[in-house]
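Let me begin by presenting the structure, written as structure tokens, before commenting on it.
Remember, it's a predicted structure, so these values are computed and weren't measured experimentally.
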Amino acid sequence: MQLVSIIIPVYNVAPYLRRCLDSVTAQTYQNLEVLLIDDGSTDESSTICDKYASRYVNIRVIHKPNGGVSSARNLGIIESKGDYITFIDSDDTVEPNLIQVMYDNAIQHNVLLSCCLLDVVEVDGTKRPLNKGRTGIYAKNEIIQGYFSDQFIKDQMYGPVNKLYHKSLIDNIFFKPYKLGEDILFIFEVLQTCNKVYIEPFAGYHYLHREGSAMTSTFSAKRLDYIYAGEEILKISITNCPSVTPSIEKWLFSHVIVTLRQMHIYGNVRSFHTFYNSKKKWLVANRRLFSTLPSMRKLDYIALFICPFYFKILNAVKK
């Protein structure tokens, strides 16, 4: 039974933290260390972490100044002593046998990355399963090919949670300091280092959806980070897996359009004019991808270059 390190970044989640930690301390797998990385919380979260650490000998709290979730996870990776690592977000919950199932699968199927399914839990308690797809063994190239085109793979792989990583996979991989997109970049880098992945047909991880998506709601500067992360992914694919590059280009092309569209709708073009102008030039340079867009994105693309007034109308409608 090898040591498994559970890394939990914590920041101002007092209303949800106890239920998360109760689900972690209920794990049937016994050889665990739990690292609570308190990222400068200003609510009761710090106190809750300390209370659990005083109650359980395998829980360790590290208090640090606020630096964002990437810095908290990275510190957890550095401080971890386990042969395997898993991440749990501090407002989510897990099934009691989550670690046991993922560990058993890692050993049985000889994989360095073992996953279970996750579902989405709304604040009112309703669950939305994300399990419409094939489980079992995926070869490295197979899962990378589906990373931007297969909805099931996207649902299960786009975050660092619901996965058990052999420590050797992430010895030299850390989360980039982005506020959005750092997770899909991290996983894409991890996928470059492993030969196969096992996905277990068991929903052992429950992701709490408690706010509007930063990707679809009002414009946020975080969206710029999402594009920067996407650009890093594109560079990696060109070097390591060029066969998937066309899919990534299509994905990035669409997201750049959506980002510039949001800038117009919410009046942020002037505030981020350097980014805006550089990405318009990038769209022109890659206009061959226009034909791959759905109808709405094609309309957005045309509006960006011919009739930006279209976005003012959308903004007026939203108000």
Between [X] (side chain only) and [Y] (backbone N and O only), is there a donor and an acceptor less than 3.5 Å apart?
X: Asn162; Y: Cys116; answer: yes
X: Gln151; Y: Ser149; answer: no
X: Lys196; Y: His109; answer: yes
X: Glu79; Y: Leu35; answer: no
X: Ser114; Y: Tyr103; answer: no
X: Asp89; Y: Asp92; answer: no
X: Thr86; Y: Lys163; answer: yes
X: Glu249; Y: Leu234; answer: no
X: Asn58; Y: Leu32; answer: yes
X: Gln2; Y: Gly82; answer: no

Is Lys132 close enough and on-axis enough to Phe152, meaning under 6.0 Å and within 45°, for cation-pi?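 The answer is no; the distance or angle limit is not met.
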Answer yes or no: does atom [atom1] of [X] have more than 12 heavy-atom neighbours from other residues, nucleotides or ligands under 6.0 Å?
X: Lys51; atom1: NZ; value: no
X: Lys235; atom1: NZ; value: no
X: Asp171; atom1: CG; value: yes
X: Arg270; atom1: CZ; value: no
X: His63; atom1: NE2; value: yes
X: Asn195; atom1: CG; value: no

Within one Ile-Leu-Val-Met-Phe-Trp-Tyr cluster: [X] and [Y], side-chain cutoff 4.5 Å:
X: Ile143; Y: Phe148; result: yes
X: Leu289; Y: Tyr147; result: yes
X: Val269; Y: Val284; result: yes
X: Val111; Y: Met102; result: no
X: Val121; Y: Tyr207; result: no

Donor-acceptor side-chain pairing of [X] and [Y] below 3.5 angstrom:
X: Asp38; Y: Ser41; result: yes
X: Glu232; Y: Tyr178; result: yes
X: Ser220; Y: Lys179; result: no
X: Thr259; Y: Arg223; result: yes

Less than 4.0 Å between a side-chain N and a carboxylate O, is that true for Asp39 and Arg73?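 Looking at Arg73 and Asp39, the cut-off is not met.
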How far apart are the closest heavy atoms of [X] and [Y], and which atoms are they?
X: Lys81; Y: Glu33; value: N-OE2, 2.6 Å
X: Lys154; Y: Gly146; value: CG-O, 4.3 Å
X: Gly159; Y: Asp183; value: CA-CB, 4.2 Å

Give me the ring orientation class for Tyr301 and Phe305: parallel if the planes are under 30° apart, tilted from 30 to 60°, perpendicular past 60°.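 If you compare the ring of Tyr301 with that of Phe305, the planes turn out tilted.
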For Tyr310 together with His264, are the ring centres under 6.0 Å from each other?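 No, ring centres 6.0 Å or more apart.
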Report yes if the distance between the aromatic ring centroids of Phe175 and Phe87 is under 6.0 Å, otherwise no.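 Yes, the ring centres sit under 6.0 Å apart.
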Does Glu200 have any salt bridge (charged side-chain N to carboxylate O under 4.0 Å, His left out) partners at least two apart in sequence or in another chain, and if so, which?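 None.
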How would you list, by chain and number, every residue that makes a salt bridge (charged side-chain N to carboxylate O under 4.0 Å, His left out) with Asp225, sequence neighbours excluded?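 Applying salt bridge (charged side-chain N to carboxylate O under 4.0 Å, His left out) to Asp225 gives none.
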For Val101, the option from Asp104, Leu98, Asn105, Ile99 that meets side chain to side chain contact (heavy atoms under 4.5 Å, CB included):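 Running side chain to side chain contact (heavy atoms under 4.5 Å, CB included) over Asp104, Leu98, Asn105, Ile99 with Val101 returns exactly one hit, Asn105.
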